Amino acid sequence: MSTTNTERLNRFYEQFAGSDNVLIVINADPDAIASAMAAKRLLWRRVAGVTIAHINTISRPDNMAMVSLLSVPLIHISKVDIRHYKKFIIIDSQPNHNESFPAIGYTAVIDHHPDTNISAPYLDIRPEYGATASMMTEYLRAARIKPSAKLATGLFYAIKTDTADFERKAVNEDMRAFQFLFKHANIHLARKIEQVDLRLDFLEDFKKAINGHILKKNKIFVNLGSIKNTDICVLIADFFMRFDRVSWSIVSGIHDNKLIIVVRNNGSTKNAGSLMSDKFGKFGSAGGHRSMARAEASIEMLKPHIDVHNEARLLKWLMKKFEKPSSQTLKSKKTGNG
Ligand SMILES: [Mn+2]
């Protein structure tokens, strides 16, 4: 095993010369960020410079916390002058995974997603692994590099995230990497990153939700009005499910000419997904699972039925949709079918 890792490391190193400026391109999530940090560390003092560029917008609060708490130097791909770089690496993705990856020749691709049959001078694709961070930990160990607390914390958090605390697909190597990182990571820092799921600019939406919610029987209804980010509906719907007696949480908001409706329930009652597609499918996309569902209804198509900007009316209209059908309706339905 260890010879294989050493061989991999040496073959990886062979791709780079001391005068190279290297660009690592990622679709930033915890695993990609931590793995890129590790690759940068591997190449430290072996190349002229290493830049890590991300193709996506980092908006998840935990990812933002990871970048700032671990001081990860990240730059958006749009701000990168590709001509400055000689060698390119993709980590935790493959070039054809995303159109935003620059269409250039990649020197190295290191990933744990299913193999998409790309070619590159250096390829290390191990789909059986739970995280690319586990692979990168093997490289560090093969290079006899003791990871800094921040790097170890990043890799540690990446494995936790990608394996969902080992509830998802993982191999023994993930476990071994995790055990190794545990000795070097700052667990408090990892916990802080894990804990962060809110951004301070969400506070106004929470205020509105707490002040303006309607509790009807055991259903909570909230309308947030215009929202900057649809994630806030999910956060607030989940938040209200934490209260006793609340068995349904229905949160709406307006974004991008759509009425977003996020629903949570305790799973023991009516199927939220089918209810949503029943009631809102005709206005856009709607559906989900038994206890988690979502609709994105076109405001244009809703216009003949409801003015979504009239909050009181909107809430009333929504409450009607989630009412138990009266026995009368059930009866007439039955007659209709018979
Ligand atoms: Mn990954």
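The model shown is predicted, which means the values in this text are computed figures rather than measured ones. Each residue takes its place number in the sequence, starting with 1. When a ligand or atom number is given, it counts from 1 through the structure's own listing order.
With waters left out, the protein N, O or S atoms under 2.8 Å from the Mn ion (ligand 1) add up to 4.
Classification of the H213-F240 ring pair by plane angle, with boundaries at 30° and 60°, yields tilted. Ring orientation note: the planes of F156 and F182 are tilted relative to one another, at an angle of 30° to 60°. The aromatic rings of F166 and F178 sit perpendicular, their planes meeting at an angle over 60°, well past the 30° parallel limit.
Both tests pass for R141 against the ring of F180: distance under 6.0 Å to the centre and angle within 45° of the axis.
Side-chain contact check for N27 and S93: no donor-acceptor pair (N or O, by modelled atom type) lies under 3.5 Å.
Inter-residue side-chain proximity for K216 and E323 is flagged as met; some heavy-atom pair is nearer than 4.5 Å.
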